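This report concerns only the one structure given below.
The analysis underlying the following values was restricted to heavy atoms, covering all of them including side chains, and did not include hydrogens, waters or symmetry mates. Worth saying up front: this structure is predicted, and the values here are computed from it rather than measured.
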Amino acid sequence: LEIGVQNGGDLRMWRKYFGEQAKIIGIDIDPNCKMLEKEGFEIWIGDQADPVFWAEFCQKNPHLDIVLDDGGHT
């Protein structure tokens, strides 16, 4: 999981590193990031500060191996 995907550069890097079989999920607040789904990524649109968003996300994705937070920059 990568929080903060912007243009998808890091998602592509992780795909190359982990391989085609890896499930790579991205979260961003910008709805335009959904376009990255056509490259095989799962993209969620939401605010990382929203606990309701996280509740839904975690319910549907209970097991994550790696989480990278590149979103809030705080």
Cluster overlap [X] with [Y], hydrophobic side-chain contacts below 4.5 Å:
X: Met13; Y: Ile43; value: yes
X: Ile27; Y: Met35; value: no
X: Ile25; Y: Phe53; value: yes
X: Phe41; Y: Ile45; value: yes

Heavy atoms of Cys33 and Gln6 approach each other most closely as SG-O, 3.2 Å
So do the side chains of [X] and [Y] get within less than 4.5 Å of each other, counting heavy atoms only?
X: Ile66; Y: Trp14; result: no
X: Asp28; Y: Trp44; result: no
X: Glu2; Y: Asp69; result: no

Using the salt bridge (charged side-chain N to carboxylate O under 4.0 Å, His left out) rule, pick out the option among Lys60, Lys34, Lys23 that qualifies with Glu42. Lys23
Aromatic plane relationship, Phe57 with Trp54 - under 30° parallel, 30 to 60° tilted, over 60° perpendicular: perpendicular
Keeping the roles fixed (side chain from Arg15, backbone from Gln21), state whether a donor-acceptor pair exists under 3.5 Å. no
The reported gap from CG in Asp47 to CD1 in Ile29 (rounded to nearest 0.5 angstrom) is 4.0 Å
To the nearest 0.5 Å, what is the distance between CD1 on Ile24 and CZ on Arg12? 11.5 Å
Report the residue from Asp70, Leu68, Val67 that forms a side-chain contact (heavy atoms from CB on, under 4.5 Å) with Ile3. Val67
